[in-house]
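Atoms within a ligand are numbered from 1 in the order they appear, just like the ligands themselves. Everything numeric in this text was worked out from a predicted model, so none of it was measured.
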Amino acid sequence: MEGWKLLVTVGWLFPTCQGYDPKNILVLGGNGFIGAATSERLIARGDNLVLVNRGNWYWDSHSTVKPHVKHLTCDRQRQLRHCEDLRRFKDFVYFDVVVDFSAYHSEAVEDVLDLLKGRVGRYIYISSDSVYEVCSKNHSNPSRESDAVRPMNAEEKLQMAGKDDYGHRKLECEEVLVRQRQEEGGVPYVLLRLPDVIGPRDNTYRWWMYQMWLRLSGYLERQISIPKFLMDQKLSFVYSLDVADMVVKLTDCELGKFDNAYNLGTDEMPTLLEVLELMKRQLNLENTHIPVNDSAEAIYLFPSVKLGPVDSSKAKDMLNWTPTSFETISRQTIRFYEFAIRNKGFVLARKEIIRNMQAYFTKQPHNVLYGLNGVYGIKYPDTHDEL
Ligand SMILES: *[C@@H]1O[C@H](CO)[C@@H](O)[C@H](O)[C@H]1NC(C)=O
Ligand SMILES: *[C@@H]1O[C@H](CO)[C@@H](O)[C@H](O)[C@H]1NC(C)=O
C-alpha cells in the first residue's frame, strides 16, 4: 500500500501554497476511477469538496476520499431535486466549480444547472470520444473536436444516434451545456472528451483482465489473441492521473480556455498488439505468443469505439496538455495491479477480477484459483495474511 502511495505521490506533488484561497467544489461522482484521483488532488490542495454520488466507495476511496469531503447520497438516475440529502444541504451558497464525472443523460446536467442556477462559477464535464460515433466525421485522420457535429439531415441524425446510445447521450449532455451558455447568466463550461482511460483503480477492469490473462495464461484454456480486424487499428488511450491533473488545473485557469471541447489522449497511438507486447515485456513474459484470431467472436477489451483515435493537439496548444508516455503509464498501471491482486484492502475488486477471469477465460473456475496460487502464491479464498 505505502509503496504504491509513494510512487504516485511523486507525480503530483502539490505545493500546498501559502495563502491559497480554498474553492468550494461540487464533484458529481468523485468516488470512481478518475473521480477519486481528482478528489484526492483537490483535497490535498485544501479545497472544500461536496461529493454527490450513490455512496459506493470503490477501491480505497472510503479512506482516501470519504473522510475528507462532505458526502451527499443521491442517484442521478432520479431527479436531484428529489434527493433528500441534497435538499437538506444548505452549507454552500456558491460553488466555484462543478466537476461532473457522472452525467450519462442530458436531464442529469439540466438538473444540476436548474438546482444551482446563478450559483456555479464554472462547469467541467467529463465526456467521451464516443460522441464522434454519432457524428458525420468525414475524414479518416484522428478525430478532432470540430468533428462532433451531428448530421444536418434529421433522418440521418436519428440513424447515427441509434448506432451508439452512450455516445448519443454524452453528446446530448454536452449540447445542454453549450446551449445554456448562450443564454444570459450561463455557466462557462469545458468538455473533456476522453478515449479509453487506463490507470490504477479502473472499475471496468479491462487493463487488469489483459494483465491477468497474460499472467495466468498457463492455467487457462482460452489463450490471449488479437482479433484480425484490429491488427492495424491505431488506438487512443489516456492516463487517469493525467486527466485528474488536468481537471485540477482547469478549476484554476483563466476562463478564456473555457467554452471549448478538448480531446485528451496520449501522444502514442499503439495498436492492441503493441499494447499487449509492451505489457508482456514489462511483465517479463517474453515467451507468451499472441496470435491473430480470425473468429468474429474473438474476445477483445480495447478499444471501446469504432472510429479510431483522437487528435489531442488542441489541448496541447491551449491547455499545455503534456501526457505521460505510454510506456510509463503501462509500467505504473501494471505495477499497481500486480500489487492490487495481493492486497487484502481491495477485497471487492479482487473478487470481481477473479469472477471475470472465471467467466471469460476458462470453463473450470478452479483454474483461475490454481493460477493465482501458482503465479502469485495466493491461496484464494483464504483468511491468512497474503503480504
Ligand atoms: C466535414 O465536416 C465538417 C464539419 O464536421 C465541415 O465543416 C466540412 O465542410 C466537411 N467537409 C467535407 C469535405 O464535407
Ligand atoms: C479465437 O476466438 C474464438 C472465439 O472467442 C475462440 O473460440 C478461439 O479459441 C480463439 N482462437 C485462438 C487461436 O485464440
Can you run down the side chain to side chain donor-acceptor pair (under 3.5 Å) pairs that involve residues 283-304, sequence neighbours left out, and say none if there aren't any? Asp196-Ser304, Ser225-Asn293
Find all protein N or O atoms under 3.5 angstrom from an N or O atom of ligand 2 and list the pairs with distances, or write 'none'.
{"unit_1": "ligand 2", "atom_1": "2 (O)", "unit_2": "Asn293", "atom_2": "OD1", "d": "3.4"}
{"unit_1": "ligand 2", "atom_1": "2 (O)", "unit_2": "Asn293", "atom_2": "ND2", "d": "2.4"}
{"unit_1": "ligand 2", "atom_1": "5 (O)", "unit_2": "Arg222", "atom_2": "NH2", "d": "2.9"}
{"unit_1": "ligand 2", "atom_1": "5 (O)", "unit_2": "Glu297", "atom_2": "O", "d": "3.2"}
{"unit_1": "ligand 2", "atom_1": "11 (N)", "unit_2": "Asn293", "atom_2": "ND2", "d": "2.9"}
{"unit_1": "ligand 2", "atom_1": "14 (O)", "unit_2": "Asn293", "atom_2": "ND2", "d": "3.3"}

Tell me, do Lys234 and Pro270 make a side-chain contact under 4.5 Å, heavy atoms counted? no
Which residues end up grouped with Tyr104 if you chain together Ile, Leu, Val, Met, Phe, Trp and Tyr wherever their side-chain heavy atoms are less than 4.5 Å apart? Tyr166
Hydrophobic clusters here meaning ILVMFWY residues chained together by side-chain heavy-atom distances under 4.5 Å, can you tell me if Leu307 and Leu264 are in one? no
Here's a test for you: under ring pair (Phe, Tyr, Trp, His ring centres under 6.0 Å), which of Phe336, Tyr337, Tyr205, Trp208 qualifies with Phe346? Phe336
Just jot down the salt bridge (Lys or Arg N to Asp or Glu O under 4.0 Å) partners of Glu352, sequence neighbours excluded, or say none. none
